[in-house]
Amino acid sequence: MRSKRIVLRNDHTLLLWFIVAWVIINLLQASFIGVDEDEAYYWIYSRHLQWGYFDHPPMVALAIKIGELFGHNPLTTRLMAILFSGGTIFLTFKALPSNLRNRKLFILLFSSVIIFHPYSFVITPDSFLLFFTALFFYAYRLYLENEKPSNVFFLALAIIGLFYSKYQGVLPVLFTFLSNPRLIFKKSAWAVVLTVLICFSPHLWWQYKHDWPSLHFHFFERMASGYKISKTTNYLISHVLIWGPLTTIPALIGFLRLRSRDLYMRAHYYCFWGIFIFFFLFSFRSTIEPHWVLVAGISFIVLLQDLITHSSAKTKKIFVALAWANIAIAIVVRVFLFIPNTPLAQFGKLRYMFYGRSWADEVYKYTGGEPIVFIDSYGRPSIYSYYHRNALISDYNTVEYRKTYFNYSNDETLLNNKRVYLYDRSKIEQRDVAETKMIPTCLQILDSFRAVNNLKIQWKNQEKQMRPGDSTEALLTLSNIGNERINLSGLYINYTFFKTRKNFKSSENRVALSAEELLPGGKQLIKIQIKAPSTPGKFRLLYSVIQKPIEGTIASPYFNVVIK
């Protein structure tokens, strides 16, 4: 008995040492590379803690706020993501059934999953989504063994964490239920539901008070750019790459042969394949970001551990060799992230990590710290503000872009009637400031900026069907939903017909606003002639407020109009 305890203790020590090493490596990684645009955007969240945000729940904002109690730099901003990543490893191992707890194999497989590496040190909602997914399956395993009150509460706590991390947190819960629909007859399961609803109600109340912005954005306001087969093929290719370019295909083939022996393993089977199919079908509607499937990562590890544990010695040997090759790839990429001016520095969002600070410093030096309004970008104002916290900035979104958190913040009103620099790479007469390695930087002065995001438009006599080329008079209500009066002088109303997100045409018919000011809560009736597109089809119509030289805002909902 004594020797058995020694062996178990040594195995446990191995796992703990791996977690410590993992955390230390990520602390170093986070210290030597700047934040990317998403991380800076979530940092903007953390400056104003609330129960919800336009496009995400508040977990990431709270985590950044806690980390920055120790200072403001990339390491402290990411600190909680790094610590939670260590917890994810421990909980994922605890989520394994007892017969699959081979620590050496687990450490090898976890390290070989490519997508786990970046989300172990960058701070995004996905970092916490992965942690709470691991916690959820660990809690669910305990719940299946014993429905005692502590396990019921533990399961509810994990689901609450999932929901407050990211909306995709509903997927493992949904597919787990589908794998075990008899849960609907259990009082303990209803206790979980009730507890989750009570604890998640502050976020639901926030959504209600703000007219459900996340729901409108994700389900009604996002427009696809038209289907291309590349959307689906890119999703399938990225699915292979993120789990491991050398192990994913044989793993998926092996998963198809697995048979769920109990309710717990069936949950992982349903979760992994359910999420895979869900996003596969969604790829016919929209582009799928590779990290969206990260929520299936815990099930991938559990199923892979099961597959290899019950494979032949020859198959195990092949998988182990391929896993080591994946790890080698991950190590090479991590090393390149420590080195400036490598090819990685020119790759997508990584440019912000390498050159974001120098770019922000150049812009700040040129403007002398004066306010800047960034047109159609959530990332650049976030990066700029991250490195120059006292600078006044805002993101001004036009019909060519989409709404962001800045549409719902008060940042824009702080710039009202001020002299500002406009940053827009393509729509205004520009003056080059600096050719940085990150992005070309061009600015133009606007003597008096108007904060108009709080001007909202409703179409009172909405037309749902029009004939090609026909004109009709639209009766609009312009409302000021903000807390400050808005000077309407020099502002215009126009409209845009969208076929797809990138296929649209804005009207040249602009109606000047007559009243000089619109008080908070005030409304104004406006008439405008709208002309239908000349080609039949399904369109979406959007009304805008224009202040020259900037294009129109997203001032109304998208109205569906059929032209036939």
Side-chain angles (χ1 to χ4, degrees), residues 8-9 11-12 15-16 19 57 59 62-63 83-103 106 110 127-204 260-272 274-275 294-303 305-306 309:
L8 289 175
R9 187 171 61 196
D11 281 348
H12 192 62
L15 181 65
L16 291 178
I19 293 172
M59 182 67 73
L62 178 61
L83 297 179
F84 269 63
S85 177
T88 298
I89 297 172
F90 179 75
L91 291 171
T92 304
F93 181 79
K94 296 293 286 185
L96 290 169
S98 56
N99 66 315
L100 298 181
R101 292 183 192 171
N102 180 325
R103 287 161 175 79
F106 170 77
F110 191 95
S127 309
F128 306 99
L129 179 67
L130 190 63
F131 172 87
F132 284 105
T133 304
L135 185 67
F136 167 73
F137 279 113
Y138 176 38
Y140 183 60
R141 184 176 66 78
L142 296 178
Y143 171 81
L144 289 176
E145 293 173 0
N146 191 329
E147 296 176 28
K148 61 184 181 180
S150 60
N151 288 344
V152 171
F153 175 77
F154 191 29
L155 182 59
L157 179 67
I159 296 174
I160 293 165
L162 277 171
F163 289 2
Y164 270 112
S165 296
K166 198 172 184 179
Y167 298 120
Q168 280 137 310
V170 72
L171 294 178
V173 179
L174 171 64
F175 289 115
T176 295
F177 170 73
L178 293 177
S179 73
N180 185 12
R182 290 183 176 273
L183 288 170
I184 200 171
F185 300 112
K186 291 182 176 288
K187 292 181 180 180
S188 59
W190 284 105
V192 170
V193 172
L194 181 62
T195 304
V196 171
L197 283 176
I198 292 172
C199 294
F200 197 58
S201 60
H203 177 72
L204 296 177
S260 53
R261 297 180 299 279
D262 54 41
L263 285 174
Y264 180 68
M265 292 303 295
R266 187 187 304 169
H268 283 293
Y269 193 84
Y270 271 59
C271 183
F272 180 80
I275 291 170
L294 184 62
V295 69
I298 306 304
S299 293
F300 179 80
I301 283 291
V302 173
L303 292 177
Q305 188 98 357
D306 184 25
T309 299

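Owing to the predicted nature of the structure, the values given are computational and were not obtained by experimental measurement.
Nearest heavy-atom pair across Ala156 and Val192 is CA-CG1, 4.0 Å. Minimum heavy-atom separation, Ala139 to Leu155: CB-CA, 3.7 Å. When all heavy atoms of Phe128 and Ala63 are compared, the pair lying nearest together is CZ-CB, 3.3 Å.
Under the 4.5 Å side-chain criterion, counting only non-hydrogen atoms from C-beta, Leu162 is not in contact with Gln168. Between Thr133 and Thr88, every side-chain heavy-atom pair lies at or beyond the 4.5 Å cut-off. The side-chain heavy atoms of Tyr167 and Pro57, taken from C-beta on, include a pair separated by under 4.5 Å. Put simply, the side chain of Leu183 does not reach to within 4.5 Å of the side chain of Trp190, judged on heavy atoms. Residues Val295 and Leu130 fail the side-chain proximity criterion, which asks for heavy atoms closer than 4.5 Å. Between Tyr143 and Phe154 the shortest side-chain heavy-atom distance does not fall below 4.5 Å. When side chains are defined from C-beta on, Leu91 does not count as touching Phe132, because their heavy atoms never get closer than 4.5 Å. Side chains of Phe106 and Ile301 form a contact here, defined as non-hydrogen atoms less than 4.5 Å apart.
Sorted by first and then second residue, the salt bridge (Lys or Arg N to Asp or Glu O under 4.0 Å) pairs involving residues 136-151 (not counting sequence neighbours) are Arg141-Glu145, Glu147-Lys186. A side chain to side chain donor-acceptor pair (under 3.5 Å) check over residues 149-164, counting only residues at least two apart or in different chains, returns nothing.
If you take OG on Ser299 and CG on Leu171, they are separated by 11.0 Å, rounding to the nearest 0.5 Å. For the atom pair Leu100 CG and Phe93 CZ, the distance stands at 10.0 Å (nearest 0.5 Å). Annotation: the span from Thr195 atom OG1 to Leu157 atom CG amounts to 10.0 Å, rounded to 0.5 Å. Between the CZ atom in Phe131 and the CZ atom in Phe90 there is a gap of 10.5 Å [rounded to 0.5 Å]. Expressed to the nearest 0.5 Å, how far OG1 of Thr92 lies from NZ of Lys94 amounts to 12.5 Å. A distance of 10.0 Å separates OG of Ser188 from CG of Asn146, quoted to the nearest 0.5 Å.
A search for side chain to side chain contact (heavy atoms under 4.5 Å, CB included) contacts involving Leu263 returns Leu144, Asn180, Arg266, not counting sequence neighbours. Legend: residues meeting side chain to side chain contact (heavy atoms under 4.5 Å, CB included) with Ala267, ordered by chain and number and at least two apart, are Phe137, Tyr140, Thr176, Ser179. Residues satisfying the side chain to side chain contact (heavy atoms under 4.5 Å, CB included) test with Val170, not counting sequence neighbours, are Phe163. For Tyr138, the side-chain hydrogen bond (donor to acceptor under 3.5 Å, both in side chains) criterion is met by no residue, not counting sequence neighbours.
Side-chain atoms of Gln305 come within 3.5 Å of backbone atoms of Asn102 as a donor-acceptor pair (strictly under, hydrogens ignored).
Residues His268 and Phe272 keep their aromatic ring centres 6.0 Å or farther apart.
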